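Keep in mind that what you see is a predicted model, and the values were worked out from it rather than measured. Chain identifiers are assigned alphabetically (A, B, ...) following the order of the sequence lines, protein sequences preceding nucleic acid strands; residue numbering begins at 1 within each chain.
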4 protein chains.
Amino acid sequence: MKILVTGFAPFDGEEVNPSWQAAELLAADPPPGIRIQAVRISCVFGTALQELRAAVEDAGADLDLVVCLGQAGGRTDLTVERVALNVDDARIPDNAGRRPVDEPVVAGGPAAYFSTLPLKACVAAARDAGVPASVSQTAGTFVCNHLFYGLAHLLATEHPSVRGGFVHVPYTPQQAAAHSPTPPSLSVRDAARGLAAMVATAAHTTVDLRVTGGATH
Amino acid sequence: MKILVTGFAPFDGEEVNPSWQAAELLAADPPPGIRIQAVRISCVFGTALQELRAAVEDAGADLDLVVCLGQAGGRTDLTVERVALNVDDARIPDNAGRRPVDEPVVAGGPAAYFSTLPLKACVAAARDAGVPASVSQTAGTFVCNHLFYGLAHLLATEHPSVRGGFVHVPYTPQQAAAHSPTPPSLSVRDAARGLAAMVATAAHTTVDLRVTGGATH
Amino acid sequence: MKILVTGFAPFDGEEVNPSWQAAELLAADPPPGIRIQAVRISCVFGTALQELRAAVEDAGADLDLVVCLGQAGGRTDLTVERVALNVDDARIPDNAGRRPVDEPVVAGGPAAYFSTLPLKACVAAARDAGVPASVSQTAGTFVCNHLFYGLAHLLATEHPSVRGGFVHVPYTPQQAAAHSPTPPSLSVRDAARGLAAMVATAAHTTVDLRVTGGATH
Amino acid sequence: MKILVTGFAPFDGEEVNPSWQAAELLAADPPPGIRIQAVRISCVFGTALQELRAAVEDAGADLDLVVCLGQAGGRTDLTVERVALNVDDARIPDNAGRRPVDEPVVAGGPAAYFSTLPLKACVAAARDAGVPASVSQTAGTFVCNHLFYGLAHLLATEHPSVRGGFVHVPYTPQQAAAHSPTPPSLSVRDAARGLAAMVATAAHTTVDLRVTGGATH
C-alpha cells in the first residue's frame, strides 16, 4: 500500500503546525506493509491545490490513498471529516493575505463531496489505540476545507480508484501553553499514533462500520 | 410575500420545542407586508418530509420562501445553516424510535445543497435587532438536517422559484433550567424577534452581504 | 423586609452592565412585602467598597439583606456565589486603570467568607420560576469578588444581623450579539425574574435546602 | 529537598486516575536534588485525611513540601489551585458511597486556606517546559478540595514550616477516548513533565512572581 499524507505549514501566528509534525512522524515510522509519503502544503488558497496536484502526480500510479491533515485549534481529539464543501469563506487571512468570501473552491463543482475513508472504522481504530477521535460534520470553510474539497474533486474526476479524506489534529501541548485560556491539546506523539491506526485501517477497510458518528445539530 | 415557517415537535425528552414556539409567535405577529403560515413537523425521519411536502402544497402557488426551524440544545444563538447534507446518521432515536446510520436522505440525490437564504444578511438583521446570531456550517445529521435536505431537494426539483433554508434555535431558559450543567439559552420572545428580522430580510434580499461567516475548522 | 441590591457600572468595553439593568428592574417591581433599594457601584477596586459602605449606611438600621450583583460574561445562568476570597488579582484593568496582583481585599482579614444567603434555596426558587441558575464555587478575583468580600467583611464586623451574598448575571442577548463567537446570554427580563424569586426566598429562608450544589473540581 | 506527592485512586467509573499515574512517574524520575515520596490516597471523605496524616508522619521531620494531585476531568491543563474551602458538597458519591452536603471539612476551622505554593511561578515553569498550566480559583467541593483543605489545616496547625498545595490534572487521552463528546486530555508523560517543573520551582521559590493568574469571575 502506498499512502500520501499531507500536513500544513503553520498559520494564524503559530510557530508550528501539528498536522505537519504528525505527518512527518507518521512517515518516519509507518504501519507495517504501508509506504507513506509526507508532503507539506502551504496554507494559501489556490496554491494549496497546486501543491496537492503535484504531490499526487509525484506519488505515481500505485497510489492507493490520500489523507490530508490540518490543525484544528480548540478541538479535543482527532476528527475525521465527513464532508468537503464547495465554498471558501475565510474568517482570517491565509498565509498570502487572501480572504475569499463565499467563493467556490471549484467553479461549477458539486456542492460537496463525502470522504471516501471509512470514517467510523478510523475513529474506532484510534480509540482502540487509546487516542481520542470522533467524526466531524464540518471541516470549516478555510484552507483545510479548501484542500479537502480540492482533493475530493481531483480524485473523483481524475483518479477514481484512489480513496481520500481529511483528518483534523488538535493543538500540541506546547501550542496550548501559549494561549489563554488554555485550549485543549494532544501531543504529536499521540496524534501520530492515532493517525497510524487510522491509516492502517483505511488501507484495508472499504466497507465502514455501521455505528453512529452523527450529531443532532 | 407569503412565507412558510416550520417548527418541530418536542424530542429527546423535552416537553417543548422552541422552534415550534418561535414559529407560532412569528406567525401570530409577522413583519409588515408578510403573511406567515406556521406548520408543526414531526421529529421522525421520513414522516417529516411527507409533512413538509404537504405543507408546501397547501401553501399554494404564491409561496415565496420556506424557513424551517429546529432546536439546537447547547448552541448560544440563532444559527442560520449554510448547507444540508444527503445523510442521516442518528446519534439518538427519533420520535418513532428510528436510528438510521449513514443512509441518504434522498437516494441518488446530490451530496449537499446550499441554503438559498441570504445567510449573512439574515445574521446581520438579527444582530441589528439585538438578537445574537451566526452562520453555522453544519446542521448535524439528525432530523433537522434531514428536513433541510428534503426541503432543498423539493424546492430544487419541483419549486425552483421558491427559496428556502434552515435556522437552529437554542434551548429556552425554562428548558435550560432543567439541565445540569446549565446549557446556554435564548427566550422564545427574543428568538421570534430575531427570526422576524431574518424573515423580513430574506423576503427582500436576493444578493447576500459580502462579509465573512466562515470557520477555520 | 428591606433589601439593598447593588449592580455594577459597565466595564471591559461593554456599554451596559446587566447586573445594574437587572437591579433597576428588580427595584421597580419588587416581590410583595419587600422594599428594594438599588444602588449602582463603580467597577473600581477600593472605590466600590466605599460606595457599598455608604449604601449600607444610607439603608438604615432596618436593613435585612444585601444582594450584590455582577456581570459574568460567558456564564449561562444566574450563579449564586458560595464564597468570597481575600484576594485581588486583576486579569484586566478596572475602570480606573488599576490592576492589583495578589493583594488582600482587607489586610489582616480572614482568607474567605461564605455567603450567608441560602444558596440552594435561591437556586431552586429561580429554577421553579423557569430561570436557569446554579451555585458557583468562585466569584473570580476581580472587582466582583472584591465587593463580595468587602460586603461580607462589613456585615461580619459591623452589621452581624444583616445577611448578604453575591449573584453573577450572564451577558444580555444584545451584548452577546456583539461578540464572536457568540457567548451565552440571558435577557434582563428573565434575569430580574429569577433574581426576584431569589430575593423573596432569601428574605424568608434562614435554613438552606440540603441538596447538592457542589462541583467535583 | 524532600517532597511528598499524593495522587488519588480512580473514581467516578474511571479505571485509572491520572493524578496517581503522574505521581508515580514523578517519583520514579524526580528533578535533580529532590527526593519524592509518592503516596496513593483513597477517594473517600475522611479516610483521605487519615491517609494523608499518616503519609506526612511517615515522611519525617525533614519534609519540605507536600503537593497533592487530583483528577479534573474536563479541564485542559495542569491547574494549580489557589484556595481550599472548608466545605464538603458532593455532587457524586465518593468511593465509599458517602455524599456529604454543605458540611465542614474541619468543624471550627477557618473558611479557607490559601495555597502556600508559589502559584504563578509554578504555572510559568510548566509553560516554559511546554506543558499547559494555569491558576485555578476553585478546587471544587469534592474529595480533592477536602484533601487540600485537610492538608492546609494540618500544615498550618502542626507543621508550620512545611509548605503545601494542590494541582489538578486533566484526563489522559486514553480516558478521553472513552467519553463522548470527547473531553480535553493531557498525556501522563506531559503531566509528569509539567509537574516536575512545578515541584522543582516550588522547592526553590518562596516569593511568587507578580503576574496575574486571576479571573474576572
Worksheet entry | Shortest non-hydrogen contact from D:A111 toward C:A112 | CB-O, 3.3 Å

Fill in: Closest non-hydrogen atom pair, D:R210 against C:E103
NH2-OE2, 3.6 Å

Which atoms of [X] are under 4.5 Å from chain C, going by heavy atoms: the side chain, the backbone, both sets, or neither?
X      : answer
D:D102 : both
D:Q71  : backbone
D:V83  : side chain
D:A72  : both

Fill in: Over 12 foreign heavy atoms within 6.0 Å of CZ, D:R99
yes

When [options] are compared by non-hydrogen pairs under 4.5 Å with chain C, the top option:
options                       : result
D:G70, D:G73, D:A215          : D:A215
D:V211, D:D208, D:T141, D:N86 : D:T141
D:L119, D:V87, D:V143         : D:V87

Fill in: Intermediate values then yes/no, side-chain contact (heavy atoms from CB on, under 4.5 Å), C:R82 and D:T138
CA-CA 11 Å; C:R82 189 191 288 266; D:T138 173; over 6 Å; no

Response to the item:
To the nearest 0.5 Å, atom CD of D:Q137 lies from atom CZ of C:F142 at 13.0 Å

Worksheet item: Any sub-3.5 Å donor-acceptor pair from C:T212's side-chain atoms to D:A90's backbone N or O?
Response: yes

Discussion item. Applying side-chain contact (heavy atoms from CB on, under 4.5 Å) to C:H217 and D:T79, what does each step give before you reach the verdict?
Written reply: CA-CA 10 Å; C:H217 56 262; D:T79 40; over 6 Å; no

